[in-house]
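I have placed the structure first, in the form of structure tokens, so that the comments after it can refer back to it.
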Amino acid sequence: MKVYDSHGIKNIALLGNDGSGKTTLTEALLFESGQIKRRGRVSQGTTVSDYFPVEQDYGYSVFSTVFHVEANGKKLNIIDCPGSDDFVGAALTALNVTDTALLLINGQYGPEVGTQNHFRYTEKLGKPVIFLVNQLDDEKCDYHNVLEQLQSIYGPKVVPVQYPVKTGPDFNALIDVILMKKLSWGPDGGKPTIEDIPAEELDRATEMHKALVEAAAENDEALMEKFFETEQLTEDEMREGIRKGMVTRSIFPVFCVCAVKNMGVNRLMEFLGNVVPFVDEMPAVHNTRGEEVKLDATAPTSLYFFKTGIEPHIGEVQYFKVMSGTVKEGDDLTNADRGSKERLAQLFVCSGAQREKVEQLSAGDIGCTVKLKDVRTGNTLNAPGCDHRFNWIKYPEPKYIRAIKPVSESDTEKMMAALTRMRQEDPTWVVEQSKELRQILVYGQGEFHLRTLKWRLENLDKIPVEFQEQRIPYRETITKSSRADYRHKKQSGGAGQFGEVHLIVEPYQDGMEDPQVYNFGGQEIRVNLKGREEIELEWGGKLVFINSVVGGAIDARFMPAILKGIMSRMEQGPLTGSYARDVRVVVYDGKMHPVDSNEISFMLAGRNAFSQAFREAGPKVLEPIYDVEVFCPADTMGDVMSDIQNRRGMIIGMDSENGYQKLSAKVPLKELASYSTTLSSLTGGRASFVMKFASYELMPAELQKKLIDDFAKQQEEDN
């Protein structure tokens, strides 16, 4: 394959809602470029994208697919991304390593929640956007309504480049207002017949042409001057103006295709090849030290590995972008993240599972390799004299959590190895072995996301697994002061065990002054501060431990043992077995035996005294509360609000954002277990949400009582 320099390469992310037709468009692009001889079909599982068994079994895209086409002497690297919000990680990765977003829209429905989400990501990353209206042959397609919706949501920056003469099953022609020609197709699509615009369409086309010329001219002073003088630009000048406007996101061109009939695809490729910005025309990226890294083919080589695929009979396929320099077969590079040495024995450009060998790739290009020893997704490989590292992909917080366990306990280690490997392919799968909850947790973006993980474990790794609901990480605390004493005494021949501890517990808040005196039932207890420890707890909050023992009632050497006993009870709270937090403990008295007292005695005495005092100090259970933002169509807002309120959620704000309603709420984690599934059902899949931990708050009394009773019952059964 020809080696392209940086000014001959364009990197494009193909995005769109589920059902918008990305996989079908990919087939048409590959067919038109000559990469494949026959277009595959999604229904038959014969497409270049969606080639993994799980995708063919479920019928939807799970992974991004990297492919390339050559158009007008340019190389277009395109990454076809899954449409479901459950697989948003692939879309975010693609947007971070490409320069332009091709945002596909289903002509039946217009902009959907996936459109909104993807556009929001392009906004954050400053990426150019082309809107592409597909499925113009559907009888429900209304192009003019779709265009009105786009302009209503995204403003006058949305400028049509084409429009269909008619939509529905008879669709076969477009008016192109750059060329000012009519493009029409026969039943098999392909290259269009180019004709003059018919008289009945000329006024409309001329009006849209003027709007496009003006939008293009606004991005260049010389073009603007010419526009003021002549109100005209040449085709090349329009292309230049559109390109500059795309780079600054001041123009969002709108194109039309019917991918399934291969109509409009050839013209789209021409535009991508002629107008879309080259990789060296986009702003430079920065490494982890904040240094600008320019696309310079003569600089030392640096590769960023953005994706790992696991393929049968091959193993790991590692996809990378050349951030600087030129990479050649046989290059020896160093992993900046892991310190290991790697040799790139083979280089490929790819189209799905098809790989074509190349001898070298230049700065800005995208390729893949195999059989690397120690490279993970997100790693950087550098040539001598280069020490770049890159870490700019920020993934969203998980929205769906399940505990996972193998059906056979003997498969636990094997399952963990498989989960670790799978996370290399999709960083939005997160795995945690929770000591607190005594569960293995898997986090994802939704039910489909984790269902896919389960499918792969069971079908590829042959490990039957089951999901369970995550236990909730409650916290226990107290609301008033109390005191208790406990004597641990054990005699069974020989040396015995003896330790007695008197202590006070009370709620603690940052900034509280050290105590001086307590009064319980008319008895005054003065605090003589002998020692103070403030412990930041791993799970949040603090434990303040004060030694106020006088007169040698307890030897100072036993105080660490008492603290250890208290900490063991803090790690397994008396009410529900959850972590306790925000407690101050004052040990003010006790007794010891000259022979039988030892560390274990005082550890047990301290643990039990603390447990008794905690139960009498107005104990409360705190539950985790999450900030939730829901994006939904206006017609579903009432149902969404009602559902959140039924989940004990508190609505804290409503707003409108880009044509969709945004609802902000605080919701207990316990009530969010299957929220993604319910939200999809309520809105017909047209809504999305994000969630993030906010705080711990007191649990309602009736729910707390049930939780404590259930825990006590479970303890009895276990004993």
Side-chain angles (χ1 to χ4, degrees), residues 394-403 430 432 434-437 439 441 443-445 469-480 505-512 534-544 567 569-585 614 617-631 640-641 643-655 662-676 678-679 688-708 711:
K394 307 300 180 189
Y395 295 106
E397 296 287 331
K399 296 182 286 194
Y400 195 83
I401 310 169
R402 284 293 181 267
V430 179
E432 176 194 359
S434 174
K435 172 188 170 185
E436 175 185 1
L437 304 179
Q439 290 178 312
L441 302 177
Y443 299 76
Q445 295 297 313
E469 280 205 12
Q470 169 206 9
R471 298 182 184 121
I472 303 301
Y474 295 110
R475 297 288 182 264
E476 298 180 19
T477 193
I478 52 178
T479 59
K480 64 180 184 180
V505 300
E506 66 177 341
Y508 179 77
Q509 294 178 341
D510 280 333
M512 283 179 65
E534 185 172 308
I535 301 164
E536 294 274 358
L537 302 170
E538 291 177 18
W539 50 89
K542 291 181 180 178
L543 167 66
V544 176
M567 278 296 297
R569 205 59 177 129
M570 292 279 287
E571 291 181 4
Q572 191 173 10
L575 302 181
T576 64
S578 305
Y579 288 143
R581 57 177 284 170
D582 299 324
V583 179
R584 180 156 66 188
V585 180
F614 193 98
K620 295 289 184 183
V621 177
L622 306 174
E623 62 177 338
I625 305 296
Y626 275 65
D627 285 326
V628 178
E629 284 187 350
V630 184
F631 298 87
V640 171
M641 286 180 62
D643 179 69
I644 281 183
Q645 288 165 340
N646 289 338
R647 295 172 185 272
R648 297 192 285 126
M650 181 173 68
I651 308 295
I652 59 174
M654 289 177 283
D655 200 0
K662 183 173 83 170
L663 179 67
S664 302
K666 290 187 178 294
V667 188
L669 176 61
K670 181 173 175 56
E671 308 297 338
L672 291 169
S674 298
Y675 185 60
S676 63
T678 303
L679 183 64
S688 69
F689 77 104
V690 293
M691 56 184 273
K692 187 176 183 179
F693 173 75
S695 61
Y696 273 93
E697 304 292 343
L698 287 175
M699 196 175 191
E702 65 278 9
L703 295 178
Q704 175 176 304
K705 183 178 185 306
K706 183 179 185 307
L707 183 65
I708 294 172
F711 178 74

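Just the heavy atoms: all of them, side chains too, but no hydrogens, waters or symmetry mates, feed the values below.
- When all heavy atoms are compared, the tightest approach of Arg581 to Gly540 is CB-O, 3.6 Å.
- Rounded to the nearest 0.5 angstrom, Leu707 CG and Gln704 CD are separated by 8.0 Å.
- Under a 3.5 Å cut-off, the side chain of Gln439 and the backbone N or O of Ala403 do not form any donor-acceptor pair.
- When all heavy atoms of Met654 and Leu663 are compared, the pair lying nearest together is CG-CD1, 3.4 Å.
- Residues Val667 and Met691 form no side-chain contact, since every pair of their non-hydrogen atoms from C-beta on lies 4.5 Å or further apart.
- In this structure the side chain of Glu629 reaches within 4.5 angstrom of the side chain of Lys662, judged on heavy atoms.
- In this structure the side chain of Ile472 reaches within 4.5 angstrom of the side chain of Pro624, judged on heavy atoms.
- Contact record, Ile644 with Ala665: CG2-CB, 4.0 Å, taken as the closest heavy-atom pair.
- With values rounded to the nearest 0.5 angstrom, Ile625 atom CD1 is found 8.5 Å from Lys666 atom NZ.
- Residues Tyr443 and Glu432 have side chains that bring a donor and an acceptor to within less than 3.5 angstrom of each other.
- When side chains are defined from C-beta on, Gln445 does not count as touching Tyr395, because their heavy atoms never get closer than 4.5 Å.
- Atoms CD and OG, on Gln470 and Ser434 in that order, are 8.0 Å from each other to the nearest 0.5 Å.
- Using cut-offs of 30° and 60° on the angle between ring planes, the pair Phe689 and Tyr675 is perpendicular.
- Minimum interatomic distance between Gly541 and Asp582 (heavy atoms only, all atoms of both residues): CA-OD1, 3.2 Å.
- Atoms CD and CZ, on Glu397 and Phe693 in that order, are 11.5 Å from each other to the nearest 0.5 Å.
- For the atom pair OH of Tyr626 and CG of Leu672, the computed distance is 9.0 Å after rounding to the nearest 0.5 Å.
- Few gaps surround CD on Glu702; more than 12 heavy atoms of other groups in view lie less than 6.0 Å from it.
- Listed by first then second residue, pairs satisfying salt bridge (charged side-chain N to carboxylate O under 4.0 Å, His left out) with a partner in residues 643-654 read Glu623-Arg648, Asp643-Arg647, Arg648-Glu671, not counting sequence neighbours.
- Expressed to the nearest 0.5 Å, how far OG of Ser674 lies from CD of Glu469 amounts to 6.0 Å.
- Using modelled atom types, no side-chain atom of Arg475 and backbone atom of Leu622 make a donor-acceptor pair closer than 3.5 Å.
- Looking at every heavy atom in both residues, Tyr474 comes nearest to Lys670 through OH-CD, 3.3 Å.
- Side-chain atoms of Pro574 and Glu476, non-hydrogen and from C-beta on, do get closer than 4.5 Å to each other.
- Asp510 pairs by the side-chain hydrogen bond (donor to acceptor under 3.5 Å, both in side chains) definition with Lys542, not counting sequence neighbours.
- At a threshold of 4.5 Å between non-hydrogen side-chain atoms, the residues Pro473 and Leu437 count as touching.
- Residues Ile478 and Phe614 are in side-chain contact: their nearest non-hydrogen atoms beyond the backbone lie under 4.5 Å apart.
- Counting all heavy atoms, side chain and backbone alike, Leu543 lies closest to Met570 at CB-CE, 4.0 Å.
- Under the side-chain hydrogen bond (donor to acceptor under 3.5 Å, both in side chains) criterion, Ser695 pairs with Glu697, not counting sequence neighbours.
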